[in-house]
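Shown next, in structure tokens, is the structure this report addresses.
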Amino acid sequence: MAVAKTQVVSVRVEPHIKSALQLAADKEMRSVANMVEVMVVAYCRSQGYPLEGVPLDVLSNLVMSGRMPK
């Protein structure tokens with residue numbers, strides 16, 4: 001049996017948080033789902049949380065370009 005490559009996460013947020021997320025996604029030309037993924041990876045790395053299965057070079061191009069804080 002094949003293992004799912006992605007999983008569903010459902011959260012409730014205030015309308016202004018959703019608008020901010022959509023704006024960030026639009027400016028980065030990403031989907032909202034991908035923007036959330038990028039934000040989670042960036043946050044976990046900044047806090048030193050382990051990210052099993054996430055390659056070290058993921059997001060490095062954003063950090064190098066100055067588009068995302070280290």
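If you're wondering where the values come from, they're calculated on a predicted model, not measured in any experiment.
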Query raised in the report: Quick one: CE on Met35 to CD on Gln22, what's the gap to the nearest 0.5 Å?
Result: 11.0 Å
Requested in this report: Give the cluster check for Val9 versus Ile17: same hydrophobic cluster or not, with ILVMFWY residues linked at side-chain heavy-atom distances below 4.5 Å.
Outcome: yes
Report summary line: In terms of heavy-atom contacts, Leu21 and Met39 come closest through CD1-SD, 3.9 Å
Query raised in the report: Who passes side chain to side chain contact (heavy atoms under 4.5 Å, CB included) against Val54, sequence neighbours left out?
Result: Val41, Arg45, Leu51, Val58
**Report entry** Which atom of Ala25 lies closest to which atom of Ser31, heavy atoms considered
**Finding:** CB-O, 3.8 Å
